[in-house]
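One structure is given here, and the rest of the page talks about it.
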Amino acid sequence: KAGVTQTPRYLIKTRGQQVTLSCSPISGHRSVSWYQQTPGQGLQFLFEYFSETQRNKGNFPGRFSGRQFSNSRSEMNVSTLELGDSALYLCASSLDGQLGNTIYFGEGSWLTVV
Amino acid sequence: AQSVAQPEDQVNVAEGNPLTVKCTYSVSGNPYLFWYVQYPNRGLQFLLKYITGDNLVKGSYGFEAEFNKSQTSFHLKKPSALVSDSALYFCAVRDISDSGGYQKVTFGTGTKLQVIP
């Protein structure tokens with residue numbers, strides 16, 4: 001069974017640009033969540049989607065947005081990129097987001113903003 | 001509010017010795033606890049979880065974790081460390097968010113495990 005797939009793995013963007021990251025969850029998983037990982041801030045929760053609806057959101061500015069499609073695939077978008085947005089962005093999926101579900105992570109998308 | 005603490009930034013252990021990576025938590029309800037491992041330039045890999053039942057949970061790669069409700073701890077252990085266990089380890093807790101209704105996941109700050117040959 002394929003794991004969580006994230007694309008692209010690596011990308012470099014210029015300050016002020018926007019970026020879209022893609023995530024395909026494990027087959028049958030309906031909950032997709034996104035995290036930002038940086039050396040200084042650690043792992044921070046961005047948002048969670050279930051059945052195309054955002055049902056939980058972390059403390060990030062509105063420049064960070066996401067969506068989920070009917071096939072559970074998800075995208076996140078960051079507009080007006082800042083240098084501080086350079087990070088590893090991790091997507092994770094779980095069966096239905098219930099407390100006991102295991103969350104499985106993808107390999108991440110490394111974003112560098114220059 | 002829920003929280004997770006990993007008091008050690010780094011743990012060094014000699015190969016073949018037992019290892020312990022510490023985690024304490026705070027939740028308002030029943031704790032759902034997880035351990036993940038991250039190798040350099042990789043995503044997080046699931047090791048094990050505690051939902052309910054036995055306080056000793058066995059997971060992948062020979063790891064286990066001991067749930068202690070009175071001490072609100074969930075320490076990760078392995079009887080004999082391997083050099084290949086060297087990685088970053090994260091403890092996580094899931095609970096209902098403060099706003100109510102939906103689950104929230106909180107990760108610890110991570111502990112770097114260094115196994116010395």
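Side chains included, hydrogens not; waters and symmetry mates left out as well; all remaining heavy atoms used. Within every chain, numbering begins at 1; the chains are lettered A, B, ... in the order of the sequence lines, protein sequences first and strands thereafter.
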| note | The interface call for B:N41 against chain A, heavy-atom contacts under 4.5 Å, is both
| query | Using the benzene-type ring in the case of Trp, are the ring centres of A:F105 and B:F46 under 6.0 Å apart? | reply | no
| Is A:N71 atom CG crowded by more than 12 heavy atoms from other residues, nucleotides or ligands, each under 6.0 Å away? | yes
| Per-residue contact mode, A:F50 against chain B (heavy atom under 4.5 angstrom) | neither
| query | In the single-linkage hydrophobic clustering (I, L, V, M, F, W, Y; side-chain heavy atoms under 4.5 Å), do A:I26 and A:V32 co-cluster? | reply | no
| task | Please flag which part of B:Q45 lies under 4.5 Å from any non-hydrogen atom of chain A: side chain, backbone, both or neither. | result | neither
| message | Is there a path of hydrophobic side-chain contacts, each under 4.5 Å between heavy atoms of I/L/V/M/F/W/Y residues, joining A:I103 to A:L88? | response | yes
| said: Grouping I, L, V, M, F, W and Y whenever their side-chain heavy atoms are under 4.5 Å apart, do B:F67 and B:L19 come out in a common cluster? | reply: yes
| field | Expected output: side-chain B:R42 to main-chain A:G106 donor-acceptor under 3.5 Å | value | no
| said: Within the supplied structure, the quantity of interest is the number of heavy atoms (other residues, nucleotides, ligands) at a distance under 6.0 Å from B:N30 CG; does it exceed 12? | reply: no
| More than 12 heavy atoms from other groups under 6.0 Å of CZ on A:R15 | no
| query | Can you tell me how far OG1 of B:T109 sits from CD of A:Q41, rounded to the nearest 0.5 angstrom? | reply | 11.5 Å
| task | Could you go through the side chain to side chain contact (heavy atoms under 4.5 Å, CB included) check for A:F45 and B:F107 one step at a time? | result | CA-CA 9 Å; A:F45 171 74; B:F107 284 86; over 6 Å; no
| remark: Only one of B:V105, B:L44, B:T106 passes side-chain contact (heavy atoms from CB on, under 4.5 Å) with A:L43, and that residue is B:L44
| message | Does any backbone or side-chain atom of A:Q37 lie under 4.5 Å from a heavy atom of chain B? Answer side chain, backbone, both or neither. | response | side chain
| message | Starting from B:V93, can I reach B:V57 by hopping between I/L/V/M/F/W/Y residues whose side chains sit under 4.5 Å apart? | response | yes
| request: Could you give me the CA-CA distance, side-chain angles and deciding distance for A:N101 and B:R94, then say whether side chain to side chain contact (heavy atoms under 4.5 Å, CB included) is met? | output: CA-CA 10 Å; A:N101 288 168; B:R94 298 179 76 174; 3.8 Å; yes
| task | For B:K112, look at atom NZ and say whether over 12 heavy atoms of other residues, nucleotides or ligands are found less than 6.0 Å away. | result | no
| Which bit of B:Y36 comes within less than 4.5 Å of chain A, counting heavy atoms only: side chain, backbone, both or neither? | side chain
